[in-house]
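Shown next, in structure tokens, is the structure this report addresses.
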Number of protein chains: 2
Amino acid sequence: MKAKKPYNCGIGPAFEVIGGKWKAVILWELHVQPRRFGELKRLLPGISEKMLIQQLRELETDGLVNREAFHEVPPRVEYSETKLGATLNAALGPLADWGDRYAKRVEAARKKADG
Amino acid sequence: MKAKKPYNCGIGPAFEVIGGKWKAVILWELHVQPRRFGELKRLLPGISEKMLIQQLRELETDGLVNREAFHEVPPRVEYSETKLGATLNAALGPLADWGDRYAKRVEAARKKADG
DNA sequence: CGGAATCCTTATTGATACTG
DNA sequence: CAGTATCAATAAGGATTCCG
């Protein structure tokens, strides 16, 4: 999601920061509560450490996520959403609702087809 | 955006149907009014015919876009959003607004940095 | 625990030329 | 006009190994 997009509406910029496979869900998990690296990894079955750290870094760069490292042993790092991140999560709400209904709709259609 | 996503919220399904570089903007253009193939091509600078038709087909398959072909010479095809597509566009509204504000914010920061 | 570094596979996107 | 067909490029995503 790094290529330039000739969008004339805000959808473009929004997708640039939240697009891709993981960012939206990561941000969502941080909306629930601050979480540690390992916690996120467990919550996102299938994500590799590389992707997780990469996405977190990009989210951080874009000002959506906050990273706080505690210099302890064993090391501990906590990620949380920033204020800006919270506003994005809010804007994502209706889309999440839509997706929920859509998924149910698709599921219902599938059951009917299977018999 | 075809890989399975382990999302537990509606964001996953939503991104599966609207994710990628072009779908959201295409749908947005069709929200303004029904449009012809060539019209969309002009409105989306940078998109290739291949991508345009591909994305349109997928949107059609997912029930978001309607395709109506008029058997004339020269051929004419009109694409429009379905009712479901309209609900998705509505859900996309807040995200578009957010992106708008974000883009302005980023732009302002850039200007300041440049001096 | 929380990464970094490397290599590799697949998915997405694009350029170009051609057709009914 | 509204597409198809091919081929090429790039980006996204993932597996593995290693480190402080």
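Throughout, protein chains are lettered first and strands after them, A, B, ... in sequence-line order, and every chain is numbered starting at 1. Please read all numbers here as calculations on a predicted model, not as lab measurements.
- Look at R57(B) and you'll find a side-chain N or O under 4.0 angstrom from OP1 or OP2 of dT4(D).
- Distances shorter than 4.0 Å separate some side-chain N or O of R36(B) from OP1 or OP2 on dA2(D).
- One can place CD of Q54(B) at 11 Å from C1' of dA11(C), the figure rounded to the nearest angstrom.
- With respect to E107(A) and R110(A), a salt bridge is recorded, a charged nitrogen being found less than 4.0 Å from a carboxylate O.
- Side-chain N/O atoms of R67(A) include none lying less than 4.0 angstrom from OP1 or OP2 on dG2(C).
- For dG3(D), one of the phosphate oxygens OP1 or OP2 lies less than 4.0 angstrom from a side-chain nitrogen or oxygen of Y79(B).
- Nearest heavy-atom pair, V17(A) versus K23(A), reported as atom, atom and distance to 0.1 Å: O-CD, 3.1 Å.
- As a whole-Å value, the separation of I47(B) CD1 from dA15(C) C1' is 14 Å.
- What separates NZ of K23(A) from P of dA11(D) is a distance of 14 Å, to the nearest Å.
- Taking atom CD of residue E78(A) and atom C1' of nucleotide dG2(C), one finds them 14 Å apart after rounding to whole Å.
- Scanning both residues, P34(B) and E78(B), for their nearest heavy atoms gives CB-OE1, 3.9 Å.
- To the nearest angstrom, C1' of dG14(C) lies 14 Å from CG of L44(B).
- Regarding E39(B), its CD atom lies at a distance of 13 Å from the P atom of dG3(D), rounded to whole Å.
- In this structure, H71(A) atom NE2 and dG2(C) atom C1' are separated by 12 Å, rounded to whole Å.
- Comparing P75(A) and S48(A) by the nucleotide of DNA chain D whose heavy atom lies nearest to each, the residue mapping closer to the 5' end is S48(A).
- For the pair L40(B) CG and dG3(D) P, the computed distance is 10 Å after rounding to whole Å.
- Relative to the side chain of K50(B), the nucleotides dG13(D), dA15(C), dA4(C) differ in distance, and dA15(C) lies closest.
- Nearest nucleotide to the I53(B) side chain, out of dA2(D), dG3(C), dG3(D): dG3(D).
- Checking dG3(D), dA4(C), dG13(D) against every side-chain atom of E49(A), the shortest atom distance belongs to dA4(C).
- Atom OG1 of T61(B) and atom CZ of R67(B) lie 11.5 Å apart (nearest 0.5 Å).
- Distances were taken from every side-chain heavy atom of V77(A) (C-beta onward) to each of dT13(C), dG3(C), dG3(D); the shortest belongs to dG3(C).
- Which of dG13(D), dT13(C), dC1(C) sits closest to the side chain of P74(A) comes down to dC1(C).
- A donor-acceptor contact shorter than 3.5 Å links the side chain of N89(B) to the backbone of L27(B).
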